[in-house]
Amino acid sequence: MPEHAPLRIAFTNIPRRLWAGGYNYQCNLFAALHRYSPGTVAPVLFAGTKDDPEELAALASIPAVDLVRSPAFDRSATGLLGALALGRDGPALAEFRAQGVDIVFESARFFGWRLPFPAIAWFPDFQHRLLPHLFSRSAYWRRDLGFRAQIASGRHIMLSSASALGDLKRFYPGISNGVSVVRFATEPPVSLLATKPFDVIAQYDLPSRYFYLPNQFWRHKNHQIVVDALGLLKGRGIDVVVAASGSTRDFREPDLFERTMSEVRSRGLETNFRHLGMIPLDHVYALLRASMALINPSECEGWSTTVEEAKSFGVPMILSDIDVHREQTEGSARYFGIRAPEALADQMSQVVQTSGPTTVRSLLPNLDQRVEAFVADFVRLTRDVMAS
């Protein structure tokens, strides 16, 4: 056991409907900290008054997690304006003090350059710089100015990949902040693996052999290439099913999902591209474990949660050929260009031809070492930030 009281780290809630990967990241981090480094870190999760009670209950049920609900963490522009104009988000700061916080973990939220706590700013990716055409002018600058404010405020920056480190150096040259790369590894809780995959497959009326695509329906997640690949396969007389799940809301393009599904119908691919909506996490794991392969066609990732989960079970993967996917899988997946539906169709066809009967996979035996290394890196980061 550690000699000192655990570090109390302030996290802000990430609603699953807004960013499922971020929500799952925090679930995984809190559980892994408790299991592999008990007593070193006490996550204090600050949530808004309108955040989903069931999601918060799942997070609060993880041992050593304290949940604090306050209007100071409702999503509004006032906190950010205070942080930028006055140098501090007063209401949030009062809550941090009341809860005896030691460090603040900033994820897509800036609490001000006069924040009187050590702080870690997590930059998951640099999507707005890599894919600027997907952002309105105001959204682009809001995101970029947020990053620049955190850099100028001397935050220690946490990244999830060497690929992101290269992007940071390219887009924000000459910064002197402390920077750490902490690659996360997932260990899905056993409680979420009790659901029987064949029951879930039957519930959604899926065939026994299918591909799984659990990405939120955002433009950069590149669902269109999967629809195009399915059209090519159908033209070759190969009838396969892609089961997709996740939020269908993209605030940048509210009609993206409906337009895509309209195209699916017009091309006669309704039975091939099956969108299941936002499904429970135990169903996500069940469908992943029994799939022929995970497909992640994304144009941009920081460190993909879905890829990490597939790695945990040894699920075959067909991934877009972006640097972070290569880094994350060390060459152990199938890859295709983000504008090459023919290459994706070829990879899918090969998997169909070579995969045997449906297999339900279990967690791999080497998982503990990967997750323990992730926790050690995170704990080391928090200690370095406190010491500096």
Side-chain angles (χ1 to χ4, degrees), residues 9-37 41-47 51-52 54-65 67 73 103-109 119-127 156-165 180-189 192 214-216 218 220-221 245-247 278 280-282 284-285 288 294 296 298 300-313 324-325 327-328 367 370-382:
I9 303 183
F11 293 86
T12 48
N13 183 50
I14 301 170
R16 189 169 171 240
R17 65 183 170 78
L18 295 181
W19 182 25
Y23 173 83
N24 293 345
Y25 180 93
Q26 292 199 157
C27 277
N28 174 66
L29 173 62
F30 299 163
L33 284 166
H34 175 70
R35 177 167 182 183
Y36 292 102
S37 193
V41 170
V44 187
L45 181 67
F46 293 87
D51 286 349
D52 187 300
E54 286 188 24
E55 290 181 8
L56 294 178
L59 287 158
S61 69
I62 300 168
V65 174
L67 173 63
F73 297 91
I103 299 180
V104 174
F105 186 87
E106 289 184 334
S107 172
R109 175 131 182 199
I120 298 166
W122 179 32
F123 293 179
D125 60 46
F126 297 92
Q127 184 192 141
H156 191 106
I157 296 166
M158 187 182 98
L159 306 169
S160 297
S161 66
S163 173
L165 178 60
S180 298
V181 174
V182 179
R183 297 175 179 85
F184 69 85
T186 60
E187 185 167 20
L192 291 177
N215 282 2
Q216 295 191 229
W218 294 338
H220 76 279
K221 293 297 186 180
S245 67
S247 171
M278 195 78 172
L281 204 47
D282 60 322
V284 171
Y285 289 133
L288 177 63
L294 169 84
N296 188 338
S298 185
C300 176
E301 291 282 349
W303 189 262
S304 168
T305 305
T306 59
V307 167
E308 206 57 40
E309 288 167 344
K311 285 166 57 179
S312 299
F313 297 108
V324 72
H325 278 163
E327 177 185 348
Q328 197 169 358
L367 195 56
R370 285 174 42 218
V371 181
E372 196 168 6
F374 161 50
V375 168
D377 286 346
F378 186 84
V379 170
R380 190 180 306 116
L381 164 61
T382 61

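What you see is a predicted model; the values in this text were computed from it and never measured. Residues take their numbers from the sequence shown, with the count starting at 1. The figures here come from the full heavy-atom set of this structure, side chains too, leaving out hydrogens, waters and symmetry mates.
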Going through the checks in order, is the side-chain contact (heavy atoms from CB on, under 4.5 Å) test met by I120 and I103?
CA-CA 8 Å; I120 298 166; I103 299 180; 4.2 Å; yes

About how many Å separate [atom2] of [Y] and [atom1] of [X], when rounded to the nearest 0.5 Å?
X    : Y    : atom1 : atom2 : value
R109 : I14  : CZ    : CD1   : 12.0 Å
S61  : L56  : OG    : CG    : 11.0 Å
E309 : L288 : CD    : CG    : 7.0 Å
S37  : F374 : OG    : CZ    : 12.0 Å
I9   : T382 : CD1   : OG1   : 5.0 Å

Residue pair [X] / [Y], side-chain heavy-atom distance below 4.5 Å:
X    : Y    : value
V104 : T12  : no
F126 : L159 : yes
F73  : D51  : no
N24  : L281 : yes
N296 : S298 : yes
L294 : P214 : yes
E301 : V307 : no

Passes side-chain contact (heavy atoms from CB on, under 4.5 Å), S180 versus H156? Steps please.
CA-CA 8 Å; S180 298; H156 191 106; 2.7 Å; yes

For [X] and [Y], work out which heavy atoms get closest and say how close.
X    : Y    : value
V324 : G302 : CG2-O, 3.1 Å
A185 : N28  : O-ND2, 2.9 Å
A162 : V181 : N-CG1, 4.0 Å
I62  : C27  : CD1-O, 3.6 Å
A164 : S161 : N-OG, 2.9 Å

Please list all pairs passing the salt bridge (charged side-chain N to carboxylate O under 4.0 Å, His left out) test where one or both residues lie in residues 15-33, with sequence neighbours left out.
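Those involving residues 15-33 do not exist here.
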
Sole residue of W122, Y25, F378 in ring pair (Phe, Tyr, Trp, His ring centres under 6.0 Å) with F184
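Of W122, Y25, F378, ring pair (Phe, Tyr, Trp, His ring centres under 6.0 Å) with F184 is met by Y25 alone.
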
Mind telling me whether F105 and F11 have parallel, tilted or perpendicular rings, with 30° and 60° as the class edges?
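Rings of F11 and F105: tilted, as their planes differ by 30° to 60°.
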
Verdict with supporting geometry, Y23 and L18, side-chain contact (heavy atoms from CB on, under 4.5 Å)
CA-CA 9 Å; Y23 173 83; L18 295 181; over 6 Å; no

Not counting sequence neighbours, which residues clear salt bridge (charged side-chain N to carboxylate O under 4.0 Å, His left out) with [X]? List them please.
X    : answer
D52  : none
E327 : R183
E187 : R35
E106 : R155

side-chain hydrogen bond (donor to acceptor under 3.5 Å, both in side chains) filter on W303, not counting sequence neighbours, yields E308

For the pair F313 and Y285, evaluate side-chain contact (heavy atoms from CB on, under 4.5 Å) and give the outcome as yes or no after the intermediate values.
CA-CA 9 Å; F313 297 108; Y285 289 133; 4.0 Å; yes

Distance-only polar pair, side chains of H325 and S304, donor-acceptor under 3.5 Å
no

